[in-house]
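Only one structure is covered here, and it is reproduced in the block below.
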Amino acid sequence: MEVRANAKLNLTLDVLGKRPDGYHDLRMIMQSVELADVLNLEYNETGELRICTNLHFLPNNEKNLAAQAALRWYECEVSQEPGKWTVEDLKRSGNVNGLDITIKKHIPVCAGLGGGSSDAAAVLRALNEMEDACLSPEAVARIGALVGSDVPYCVMGGTALAEGRGEILTPLPTLPRCWVVLCKPEFSISTPALFAKIDSVRLRCRPDTQGAIDALEAGDLAGVARRMYNVFEDALPDRQRARVNDVKNALIQCGALGASMSGTGPTAFGLFEDEARAREAQERMLEFGGEIFLTYTI
């Protein structure tokens, strides 16, 4: 089976505080875009789980989130009590098929766009079909929560409010279709480091999440765009924060209705109502270096 794994954006991202379990309570509006990795899943007769990607530096073992998703799926299928299966456990079980997963990456890595989480979600959705499990999307998302906090959203997709550590999802009215220019600077960001820092940072402001929800309900794209903000921008090191701000300002000057950073960054994005203007912005943003993508919301 071939399946697409779509990137995600954080239209808003707020951190409400640290929880007793070490995670943070989040409140954020998530949005799928057309930019996607492509995965192929095929059973094999070896009993092994094998991962292959087109990027040599990505793990091809159980450290890959796509592999983790397959292991959690088979744990649930065999025991109903997921633990911490390894690839060797899968091979020894004899109760499940071996699986080859080939991933063609298009979503930039370590960019705040949920590429790894979306790959994991795509594996779960594919296995649900391949094995005729007939699980509801909500049930598949619960397995996804065992893999990572963004995986449940990536199972569901669309426009949604994500709360808790990201696994509590409320569907929202669809964002009016628009074009998106994505700009990933040359550097990457450590997600654990930003989460460790966010509690001690003085936040300049917080996103107007409720205002953005109201704008979604009114079908007001510009109203959503004006309210986009990500508190992790305040936790970036000074030089990297300045770089992200420069990219956001350039996107606004190119005609974006609004611009923000996605996830823990460093990708900044702008929303455009008009395709032609978005394509012009894409061309102009090439001078900033890094990786530039043109896509649209789905």
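All values below were derived from every heavy atom in this structure, side-chain atoms included, with hydrogens, water molecules and symmetry-related copies excluded. Note that the coordinates shown come from a computational prediction; the quantities given were computed from them, not determined experimentally. In this chain, residues are counted from 1 in sequence order.
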- Can you check whether M261's main-chain N or O pairs, donor with acceptor, with E233's side chain at less than 3.5 Å? yes

Sorted by chain and number, sequence neighbours left out, ring-ring contact (aromatic ring centres under 6.0 Å, His included) with Y23 holds for none

According to a 4.5 Å side-chain heavy-atom criterion applied to Ile, Leu, Val, Met, Phe, Trp and Tyr, with indirect links allowed, do I107 and V155 form part of one hydrophobic cluster? no

Side chain to side chain donor-acceptor pair (under 3.5 Å) filter on T191, not counting sequence neighbours, yields T264

Can you check whether Y43 reaches M130 side chain to side chain, under 4.5 Å on heavy atoms? yes

Any side-chain heavy-atom pair from L216 and L175 closer than 4.5 angstrom?
yes

*asked:* What I'd like to find out is whether the side chain of I51 reaches to under 4.5 Å of the side chain of K63, using heavy atoms alone.
replied: no

- Taking NZ, NE, NH1 and NH2 as the nitrogens, is one of them in E275 or R177 under 4.0 Å from a carboxylate oxygen of the other? no

Query - Close side-chain approach of S118 to L35, heavy-atom, < 4.5 Å - result: no

inquiry  = Can you confirm whether more than 12 heavy atoms, excluding those of K197, are under 6.0 Å from its NZ atom?
reply    = yes

*Are side-chain N/O atoms of N10 and Y153 paired as donor and acceptor at under 3.5 Å?*
no

Rounded to the nearest 0.5 angstrom, the CD1-CG distance for I252 and L257 is 8.0 Å

Open item on the list: Taking the side chain as everything from C-beta on, heavy atoms only, tell me whether E217 gets closer than 4.5 Å to I213.
Closed with: yes

Tested for side chain to side chain contact (heavy atoms under 4.5 Å, CB included) against F269, the lone hit among V181, V247, V180 is V180

Rounded to the nearest 0.5 angstrom, the SG-CD1 distance for C110 and I189 is 10.0 Å

Check your understanding: Looking only at atom types and distance, does a side-chain atom of R50 sit under 3.5 Å from a main-chain N or O of G98, one as donor and one as acceptor?
Key -> no

Answer yes or no: is there a donor N or O on one side and an acceptor on the other, between the side chain of Q31 and the main chain of I298, under 3.5 Å?
yes

Q | E42 atom CD: more than 12 heavy-atom contacts under 6.0 Å | A | no

Would you sort out whether N230 and S262 count as a side chain to side chain contact (heavy atoms under 4.5 Å, CB included), showing the intermediate values?
CA-CA 7 Å; N230 181 342; S262 187; 5.7 Å; no

Rounded to the nearest 0.5 angstrom, the CG-CD distance for L124 and E129 is 12.5 Å

Quiz item: Between S32 and G158, is there a donor-acceptor pair closer than 3.5 Å when you use the side chain of the first and the backbone of the second?
Solution: yes

Please determine whether the number of non-hydrogen atoms from other residues, nucleotides or ligands lying under 6.0 Å from atom CD of E273 exceeds 12. no

Q.
Please verify the inter-ring angle class for F195 with F232; under 30° counts as parallel, over 60° as perpendicular, anything in between as tilted.
A. perpendicular

| said: Has N249 got a side-chain atom pairing as donor or acceptor with N245's backbone, closer than 3.5 angstrom? | reply: yes

Side chain to side chain donor-acceptor pair (under 3.5 Å) pairs touching residues 283-298, sequence neighbours excluded, are none

**OP:** Give a yes or no on whether L49 and Y74 share a hydrophobic cluster (residues Ile, Leu, Val, Met, Phe, Trp, Tyr; joining criterion: side-chain heavy atoms under 4.5 Å apart).
**Re:** yes

Q. Quick one: are N64 and I101 in side-chain contact, heavy atoms under 4.5 Å?
A. no

- W73 vs L135, side chain to side chain contact (heavy atoms under 4.5 Å, CB included): CA-CA, chis, key distance, verdict: CA-CA 11 Å; W73 173 274; L135 296 183; 3.8 Å; yes

- prompt: Counting only heavy atoms not in R239, do more than 12 fall under 6.0 Å of its CZ?
  reply: no

d(C254 SG, R279 CZ) to nearest 0.5 Å is 15.0 Å

Exercise for review: Consider only side-chain heavy atoms of I, L, V, M, F, W and Y, link residues closer than 4.5 Å, and tell whether V244 and L182 are in one cluster.
Suggested key: no

Here the pair of heavy atoms bringing L271 nearest to C178 is CD2-SG, 4.1 Å

With the threshold set at 4.0 Å, does a side-chain nitrogen-carboxylate oxygen contact exist between R142 and E138? no

Correct closest heavy-atom pair for R4 and V38 would be NH1-CG2, 4.4 Å

Working for side chain to side chain contact (heavy atoms under 4.5 Å, CB included), residues Y229 and D14
CA-CA 8 Å; Y229 191 69; D14 202 1; over 6 Å; no

Residue pairs meeting ring pair (Phe, Tyr, Trp, His ring centres under 6.0 Å), one or both in residues 121-145, sequence neighbours left out, come to none

- request: Group every Ile, Leu, Val, Met, Phe, Trp and Tyr by side-chain heavy-atom contacts under 4.5 Å, then state whether L194 and L113 land in the same group.
  value: no

d(M1 CE, N128 CG) to nearest 0.5 Å is 9.5 Å

| For A212, does its backbone N or O pair with a side-chain atom of R226 as donor and acceptor, under 3.5 Å? | no

What one should report as the nearest heavy-atom pair of A268 and K248 is CB-CG, 4.0 Å

**OP:** Could you tell me whether the side chain of D234 and the main chain of R204 form a donor-acceptor pair under 3.5 Å?
**Re:** yes

Heavy-atom closest pair (C76 atom, I143 atom, distance to 0.1 Å) is SG-CG1, 4.0 Å

Is it true that M228 and V33 fall in one hydrophobic cluster, defined by side-chain heavy atoms closer than 4.5 Å?
yes

More than 12 heavy atoms of other residues, nucleotides or ligands under 6.0 Å from CD of E186: is that the case? yes

Does the side chain to side chain contact (heavy atoms under 4.5 Å, CB included) test come out yes or no for Q68 and E62, once each step is laid out? CA-CA 6 Å; Q68 284 290 320; E62 58 200 72; 3.9 Å; yes

What one should report as the nearest heavy-atom pair of V231 and P207 is CG1-CD, 3.9 Å

- Has R277 got more than 12 heavy atoms of other residues, nucleotides or ligands less than 6.0 Å from its CZ? no

**Item:** Residues R72, E75: salt bridge by 4.0 Å N-O rule
**Value:** yes

CG (L9) and CE (M28) are apart, to the nearest 0.5 Å, by 12.5 Å

query = Hey, are the side chains of D150 and M30 touching, using non-hydrogen atoms and a 4.5 Å cut-off?
reply = yes

Those residues at least two apart in sequence (or on a different chain) that pass side chain to side chain donor-acceptor pair (under 3.5 Å) with D132 are none

Check your understanding: When you look at R243 and D246, which way does the salt bridge (charged side-chain N to carboxylate O under 4.0 Å, His left out) test go after all the steps?
Key -> CA-CA 5 Å; R243 176 71 168 157; D246 286 346; 5.7 Å; no

query: Any side-chain heavy atom of R27 sitting closer than 4.5 Å to one from L161?
result: yes

When every non-hydrogen atom of A67 is compared with those of N61, the smallest separation belongs to CB-O, 3.5 Å

Sorted by chain and residue number, the ring-ring contact (aromatic ring centres under 6.0 Å, His included) partners of F293 (sequence neighbours excluded) come out as none

| In terms of side-chain geometry, is the basic nitrogen of D119 or K105 positioned less than 4.0 Å from the acidic oxygen of its partner? | yes

